[in-house]
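Just so you know, ligand 1 is whichever comes first in the structure, and atom 1 is the first atom listed for that ligand. Values reported hereafter were calculated over all heavy atoms of this structure, with side chains retained and with hydrogens, waters and symmetry mates removed.
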Amino acid sequence: MNTSYSALDTFLTCPLKYKYSQIDKIKTPKSKEQFFGTLLHNALKLVHAPGILSPTLEQALDFYSKNWNAEVFSDETEERAAFAQGVSMLQDYYKKNDPSKVNIVDLESRFQVEIGEDDEKHIVSGIIDRIDKTENGYEIIDYKTTRKLPSQEKVDNDLQLSIYLGGFLKRYPKELENLDKVKVSLYYLKHGVKLSSQRTLEQINQSKQLIVDLIKEIQKSKFEPQISGLCDWCGYQNICPMWKHKFKDKKESIEVDKIINEYIALKDEIKSRSDRAAEIQEILGKYMDDEKVDQVFSDAGRILRTIRKTYKYDEKKLRDILEPLDKWEEVLKIDGIALKNILGVLPYEARKDVERVKEIDKESKSFIVKKT
Ligand code: SF4
């Protein structure tokens, strides 16, 4: 299979979106997020373009303004906010980086790597935003314009960076011996933060296997839709079965519309009532503690506070008791129900031993209402 990191990522996000874009090849207009990301990438490409003099911040901002397209945004407020955000991202980039001081080896470096063996050979391609020569090695950098900053752990396991490193190593195979001197980084422009990591040879091989497994999954996939927050940015909503109703002529279904609205309003009401019930429980609980009572009365009825306990058992001790009685196998993973079932048939002494290894796992209070 010929694929790319972004295609694999699309499959992980939503198999149906993968089918629409990679198999059916259905084109969608560029979203405002894609437009914004591409413009920022192009501006940074200009910032680091080889030349005697690096462009100034003013020149970078001039390029950004001249290539801005207000049309892709839905209203002026949104458009102005996005434009200002891009300006501040470039300003911050210049504040934290001196373009004349970095030693760039390549920009938008295209690669193709072969993954898998024999009849399971695949080609994964991609474009590395930037490769720098550092003091003692190299740094592979990918710019991100997304809002969410990942944890360091996520960056350390990021599949995209592993694939990009594979692409880099194809071009610089000798660097395989110097992996400790090759950094892989994600530069989050909105936060002005660069998160870096490294990979061992073992991790590179693991990520190759991961890709082979993922491709196998794609090959046998039924391409089911996967609803998530990312649907809001999906260009296939109008043909996706999960969003079909959104585009239906609502004149035909005024009744359904009413029912949907009523259900949403009802859910809101249930939520706010249950929030209020929790608040009242807290107030009542405090009152009962102060008064040292577990039952309170009013004209409407009474409320009884009870304590519900769940137990856990010390596995080793329980096993020591049940194994000699040939009952351990029946309990195995200390399933509460299985244990309860066999307790009845245990000798009295063994039952008492089981009681002794029991500890409280969770305790929850409940309020029982009795109306008068
Ligand atoms: S709208 Fe959501 S579920 Fe439908 S194809 Fe797009 S991402 Fe998948």
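At least one side-chain heavy atom of Met89 sits less than 4.5 Å from a side-chain heavy atom of Phe36.
Lys133 forms a cation-pi arrangement with Tyr138, by the criterion of a distance under 6.0 Å to the ring centre and an angle within 45° of the ring axis.
Less than 2.8 Å away from atom 2 (Fe) of ligand 1, the protein contributes these N/O/S atoms: Cys231 SG.
Using modelled atom types, one finds no donor on one side chain facing an acceptor on the other under 3.5 Å when comparing Arg130 with Ser109.
Taking the ring pair (Phe, Tyr, Trp, His ring centres under 6.0 Å) definition, one finds that Phe73 meets it with Trp68, sequence neighbours left out.
Residue Tyr20 is found in a hydrophobic cluster whose other members, listed by chain and number, are Leu16, Ile26, Tyr236, Ile239; membership requires side-chain heavy atoms under 4.5 Å apart, directly or through intermediates. Clustering of Ile, Leu, Val, Met, Phe, Trp and Tyr side chains at separations under 4.5 Å places Leu230 together with Trp233.
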